[in-house]
Amino acid sequence: LSSYQVEGIIVNAANMQETAFDCIQHASIPLTLIDRKVSNYDYDVVGLDNFQGSVDITEHLIDNHYRSLLFISEPIAQVNTRKERLEGYLNTVSQHQNLTAEHAEVALDNPELLQKTISEFVTRHAGHSSAIITANGALMLLVTKVLHAMKLVWGKDIGLASFDEMNWSSIAGCGITTLQQPTHQIGYSAFQNILTRLKHSENPAQETRFEGRLIVRPSSHALPSKE
């Protein structure tokens, strides 16, 4: 990196081995992480307010009279973004009565478990207004495939909302409610962090979070009463 005269690095650490940061640390190059923290490394972090994002999605579904909720995430392990999104969901549902709230962790390469999880959830809550929240766009895509295979229509038979606005979110079925990340703000802030770090390398690491924008579509509209 030094031979290329790199003065700062902005990294999306998703699926990145933590040992890769050793070289950067030894080179003393300013680095800003996008969204995900890396344990044992003290770097600036810029990203989405994941906790508040979950609050916004969950409150929206509750306001639309969904009473059985399922939050699906990839395995949380030590990934702070997944943990924060789950915590926001659990915190919100804990403040409401007459609500059944479940959560599950499913790897992207385990479609059988995903189908089983959704099928059992739907069976347990047959006759109630149920909705699924997915923790990212990749899971949202897999969930839509499962619902399609089960002949369940989001926005009619079941509610659906997700983190991450995808380029197909508005045209999938009736359209899927998503939480859009403020990518411009995140990118600009990360760049500003690098410039600041070049001038003040001794400053303690800081964390900057931005709220997402909930894009409401018919997938999360209030369903006809099943009670």
Side-chain angles (χ1 to χ4, degrees), residues 35 47-74 76 81-96 98-106 108 114-115 117-122 124-125 128-183 209-226:
D35 213 30
L48 176 71
D49 187 335
N50 294 293
F51 186 95
Q52 185 60 47
S54 270
V55 172
D56 293 345
I57 294 173
T58 308
E59 287 285 7
H60 167 68
L61 292 171
I62 294 172
D63 288 345
N64 279 351
H65 311 296
Y66 289 94
R67 291 298 174 261
S68 298
L69 302 178
L70 172 62
F71 183 95
I72 305 177
S73 171
E74 291 183 67
I76 292 173
T81 53
R82 299 171 189 173
K83 181 180 179 182
E84 291 162 5
R85 292 175 187 186
L86 176 60
E87 288 175 345
Y89 166 75
L90 293 176
N91 180 268
T92 304
V93 297
S94 70
Q95 300 175 36
H96 294 268
N98 303 318
L99 186 70
T100 301
E102 303 179 17
H103 60 92
E105 297 178 29
V106 182
L108 295 177
L114 182 62
Q115 173 130 12
T117 299
I118 294 175
S119 178
E120 292 178 352
F121 169 74
V122 170
R124 277 194 300 274
H125 303 290
H128 296 82
S129 294
S130 303
I132 296 173
I133 302 170
T134 56
N136 60 45
L139 271 172
M140 174 171 58
L141 177 59
L142 294 181
V143 167
T144 61
K145 291 180 178 180
V146 170
L147 294 178
H148 181 73
M150 295 175 64
K151 301 188 185 307
L152 292 174
V153 179
W154 50 89
K156 178 181 177 184
D157 303 314
I158 192 168
L160 179 62
S162 180
F163 278 84
D164 298 342
E165 170 69 2
M166 311 299 285
N167 58 11
W168 47 268
S169 300
S170 63
I171 60 173
C174 60
I176 300 174
T177 293
T178 60
L179 190 89
Q180 183 180 51
Q181 299 205 32
T183 52
R209 296 291 179 179
F210 296 97
E211 289 192 17
R213 180 170 73 96
L214 189 66
I215 302 177
V216 178
R217 298 191 176 101
S219 70
S220 62
H221 285 182
L223 301 179
S225 176
K226 297 182 179 180

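Atom set for the values below is all heavy atoms of this structure, side chains included, hydrogens, waters and symmetry mates excluded.
- When each of I132, I176, I158, T144 is paired with S219, the side-chain contact (heavy atoms from CB on, under 4.5 Å) condition holds for I176 and for no other.
- For F163, the ring pair (Phe, Tyr, Trp, His ring centres under 6.0 Å) test picks out no residue, with sequence neighbours left out.
- Of the candidates N136, T81, T134, N136 is the only one forming a side-chain hydrogen bond (donor to acceptor under 3.5 Å, both in side chains) with E74.
- When atom types are taken as modelled, the side chain of D157 and the backbone of V153 share a donor-acceptor pair closer than 3.5 angstrom.
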task = Take T92 and E59, measure what side chain to side chain contact (heavy atoms under 4.5 Å, CB included) needs, and give me the verdict at the end.
result = CA-CA 7 Å; T92 304; E59 287 285 7; 3.5 Å; yes
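- When atom types are taken as modelled, the side chain of W154 and the backbone of A172 share a donor-acceptor pair closer than 3.5 angstrom.
- A salt bridge links R85 to D35: at least one charged side-chain nitrogen sits closer than 4.0 Å to a carboxylate oxygen.
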inquiry  = Walk me through whether I62 and L69 qualify under side chain to side chain contact (heavy atoms under 4.5 Å, CB included).
reply    = CA-CA 9 Å; I62 294 172; L69 302 178; 4.1 Å; yes
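- Under the 3.5 Å distance criterion, with hydrogens and angles disregarded, a donor-acceptor pair is assigned to the side chains of S220 and H60.
- For Y89, the ring pair (Phe, Tyr, Trp, His ring centres under 6.0 Å) test picks out F71, with sequence neighbours left out.
- For S73 (side chain) and A135 (main-chain N/O), no donor-acceptor pair under 3.5 Å exists by modelled atom type.
- Judged by distance alone, with hydrogens and angles left aside, the side-chain atoms of S54 form no donor-acceptor pair with the main-chain N or O of F51 at under 3.5 Å.
- A donor-acceptor distance shorter than 3.5 angstrom exists from the side chain of R209 to the backbone of L48, with no hydrogens or angles considered.
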query = Yes or no on side chain to side chain contact (heavy atoms under 4.5 Å, CB included) for M140 and W168, after CA distance, side-chain angles and deciding distance?
reply = CA-CA 11 Å; M140 174 171 58; W168 47 268; 3.7 Å; yes
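- Between R124 and E102 there is a salt bridge, since a side-chain N of the basic residue sits under 4.0 Å from a carboxylate O of the acidic one.
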